[in-house]
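Below: the structure, in structure tokens.
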Number of protein chains: 2
Amino acid sequence: MDTLVQQVATRLRDEGGRMTSQRRLILQALEELGGHPTAEEIFRHVSRQSPGINLSTVYRTLNWLEENGFIAPRWFEEERRRERFEPAVQIARSHHPTPFHFRCRSCNRILEFADPRMEEIVAQFERRSGARVKDVELTLYGLCQTCAKTESLSGTSPHHEGFIR
Amino acid sequence: MDTLVQQVATRLRDEGGRMTSQRRLILQALEELGGHPTAEEIFRHVSRQSPGINLSTVYRTLNWLEENGFIAPRWFEEERRRERFEPAVQIARSHHPTPFHFRCRSCNRILEFADPRMEEIVAQFERRSGARVKDVELTLYGLCQTCAKTESLSGTSPHHEGFIR
DNA sequence: TAATTTATTGCAAAACATTTGCAATAGACA
DNA sequence: TGTCTATTGCAAATGTTTTGCAATAAATTA
């Protein structure tokens with residue numbers, strides 16, 4: 001299995017694009033960060049190694065990756081910025097193209113999961129409505145195990161190492 | 001069953017708020033427009049009757065309604081603006097607090113539906129993860145019946161009266 | 001290997017939806 | 001009818017993402 005950088009390099013070559021040092025750094029950041037980073041987080045990560053890089057370059061690269069199916073974006077609830085993640089990573093783990101998400105309202109941690117029963121729900125909707133479904137987004141919100149415990153015995157803030165972003 | 005305006009008036013009175021002419025107009029717009037209007041659409045609708053009204057008043061009212069559970073917001077895919085809808089209307093139709101959505105990628109039409117099997121999926125996720133789920137957002141994307149037909153025989157644009165916004 | 005081509009970058013400014021500070025206005029209640 | 005203060009309109013700010021443009025640097029060619 002290829003690394004993200006290699007896969008992207010191949011695709012770029014195919015369509016006359018160019019693999020630049022900035023793109024390489026952004027792709028590495030994507031792999032190193034994992035999870036669901038925002039453009040800003042990727043920018044900060046990359047800036048540590050190469051302070052000259054520009055935010056708009058990050059956005060342009062992220063958009064290109066999105067258009068080419070290497071990453072997928074998601075907006076969670078009230079958040080105004082979109083988070084990107086690698087659907088490709090998920091294909092290996094489940095048979096669903098994009099994973100379902102759970103987001104903890106307290107610590108913002110994101111859990112991914114799959115459930116084959118979703119397919120029946122979609123199939124029935126298609127039969128009844130006559131529509132053709134291409135993509136499914138399922139997001140659950142609530143409290144993760146740790147935050148649920150913490151919350152039940154004390155205040156409201158998360159006491160475990162979580163990312164509040 | 002009360003009209004939206006009446007319900008909101010009651011709640012306002014309870015907490016020392018005031019029913020203003022602007023709020024009344026926005027609530028009527030919500031009822032007249034139905035569906036999933038954006039703040040901008042509500043603003044345009046209200047402006048026709050009362051050109052003096054301000055966009056920020058619309059936003060403030062919408063936020064208050066949201067905080068008080070009279071409407072719910074949703075972001076669809078790449079859209080940067082949020083659409084608001086009345087979950088209250090849906091409670092009557094299904095036993096789920098917020099309806100599931102299907103959005104046509106061609107004409108942007110939104111279909112709402114419910115499926116009791118979702119509960120099992122959520123319950124299993126809770127059991128396996130230890131998390132406590134408070135809300136569920138399910139959105140399907142694809143082509144509605146009309147657009148699917150149109151698309152299969154000709155080009156790409158929707159030929160039925162849809163809202164492209 | 002150097003020259004050429006043009007995709008990509010950095011920068012600054014714009015776009016876009018939404019929020020906010022503040023003085024003026026107008027509901028609700030005494 | 002007067003008083004109190006929640007709500008408004010306005011203008012400016014916000015935060016995220018996009019864009020125009022001249023400069024830069026990958027990739028290709030000679």
Side-chain angles (χ1 to χ4, degrees), chain A residues 5-6 8-27 29 36-44 46-47 49-68 71-84 164-165, chain B residues 5-6 8-27 29 36-47 49-68 71-84 165:
Chain A
V5 182
Q6 292 169 316
V8 170
T10 304
R11 170 75 63 89
L12 278 167
R13 203 162 305 122
D14 288 353
E15 44 181 77
R18 294 170 187 177
M19 173 53 78
T20 64
S21 61
Q22 292 89 333
R23 284 181 174 165
R24 224 181 319 262
L25 283 167
I26 293 167
L27 291 167
H36 299 66
T38 64
E40 190 65 40
E41 288 172 330
I42 293 165
F43 173 67
R44 282 203 301 270
V46 168
S47 292
Q49 283 130 74
S50 175
I53 203 165
N54 195 277
L55 220 204
S56 60
T57 300
V58 173
Y59 273 107
R60 278 188 279 234
T61 300
L62 254 15
N63 288 346
W64 185 92
L65 291 170
E66 205 176 307
E67 284 155 23
N68 286 271
I71 56 173
R74 189 75 94 235
W75 258 281
F76 290 106
E77 225 160 16
E78 6 51 77
E79 297 280 330
R80 311 142 119 267
R81 49 196 163 185
R82 68 181 80 143
E83 306 181 9
R84 334 257 174 159
I164 307 292
R165 231 186 268 286
Chain B
V5 182
Q6 292 169 314
V8 170
T10 304
R11 169 76 62 91
L12 277 168
R13 203 162 305 120
D14 288 352
E15 44 179 77
R18 293 170 189 178
M19 174 52 79
T20 64
S21 62
Q22 292 90 332
R23 285 181 175 165
R24 225 182 317 268
L25 283 168
I26 292 167
L27 291 167
H36 298 65
T38 63
E40 189 66 39
E41 286 172 331
I42 294 165
F43 174 66
R44 284 203 300 270
H45 186 91
V46 168
S47 293
Q49 284 131 71
S50 175
I53 203 164
N54 195 277
L55 221 204
S56 59
T57 300
V58 174
Y59 274 108
R60 277 189 279 235
T61 300
L62 254 16
N63 288 346
W64 185 92
L65 290 170
E66 204 176 308
E67 284 155 22
N68 286 271
I71 56 172
R74 190 75 93 233
W75 260 279
F76 290 106
E77 224 159 19
E78 7 48 78
E79 297 281 329
R80 317 220 296 176
R81 49 198 164 186
R82 65 182 82 145
E83 304 182 9
R84 333 257 174 157
R165 233 187 267 284

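From a predicted model like this one, the values you see are computed outputs, not experimental measurements. All heavy atoms count here, side chains included; hydrogens, waters and symmetry mates do not. Chain letters run A, B, ... following the sequence lines, proteins first, then strands; residues in each count from 1.
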Rounded to the Å, how far apart are B:Phe76 CZ and C:dA17 P?
17 Å
Any residue of residues 58-68 of chain A with a heavy atom less than 4.0 Å from an atom of DNA chain C:
A:Arg60
Please determine if a side-chain N or O atom of A:Thr20 lies less than 4.0 Å away from the OP1 or OP2 oxygen of C:dT9.
yes
Counting only side-chain nitrogens and oxygens, does A:Ser56 get under 4.0 Å of the OP1 or OP2 atom of D:dT19?
no
Among A:Thr57, A:Ile42, A:Thr38, find the residue that satisfies the side-chain contact (heavy atoms from CB on, under 4.5 Å) test when tested with A:Leu62.
A:Ile42
A:Leu55 has an atom CG; how far is it from atom C1' of C:dC11, in whole Å?
12 Å
In this structure, how many angstroms lie between the P atom of D:dT17 and the CD atom of A:Glu40, rounded?
9 Å
Does the side chain of B:Leu55 reach to within under 4.5 Å of the side chain of B:Glu40, using non-hydrogen atoms?
yes
Separation of C:dC11 atom P from A:Ile53 atom CD1, nearest Å, is 11 Å
Look at the side chain of B:Asn54 and decide which nucleotide, out of C:dT9, D:dG9, D:dT7, has an atom nearest to it.
D:dG9
From the list A:Ile26, A:Leu65, A:Thr61, side-chain contact (heavy atoms from CB on, under 4.5 Å) with A:Val8 holds only for A:Leu65
Nearest-Å distance, CD1 (B:Ile42) to C1' (C:dT18)?
14 Å
Taking CD from B:Glu15 and C1' from C:dG27, how many angstroms apart are they, rounded to a whole number?
15 Å
Nearest-angstrom distance from the residue atom CZ of B:Arg18 to P of D:dT5:
9 Å
Reading DNA chain D from 5' onward, which residue's closest nucleotide shows up sooner: A:Gln22 or B:Arg23?
B:Arg23
Would you give the length of the straight line joining atom CD of B:Glu41 to atom NE2 of B:His36, rounded to the nearest 0.5 angstrom?
11.5 Å
Below 4.5 Å, heavy atoms only, C-beta onward: do A:Gln22 and A:Asn54 meet side chain to side chain?
no
Nearest heavy-atom neighbours spanning B:Ile53 and B:Phe43:
O-CE1, 3.4 Å
About how many Å separate CZ of A:Arg60 and CG of A:Asn63, when rounded to the nearest 0.5 Å?
10.0 Å
Where each residue is assigned the nucleotide of DNA chain C containing its nearest heavy atom, which of B:Ala39 and A:Met19 is assigned the position nearer the 5′ end?
A:Met19
In whole angstrom, give the distance that lies between atom CG of B:Asp14 and atom C1' of C:dA28.
14 Å
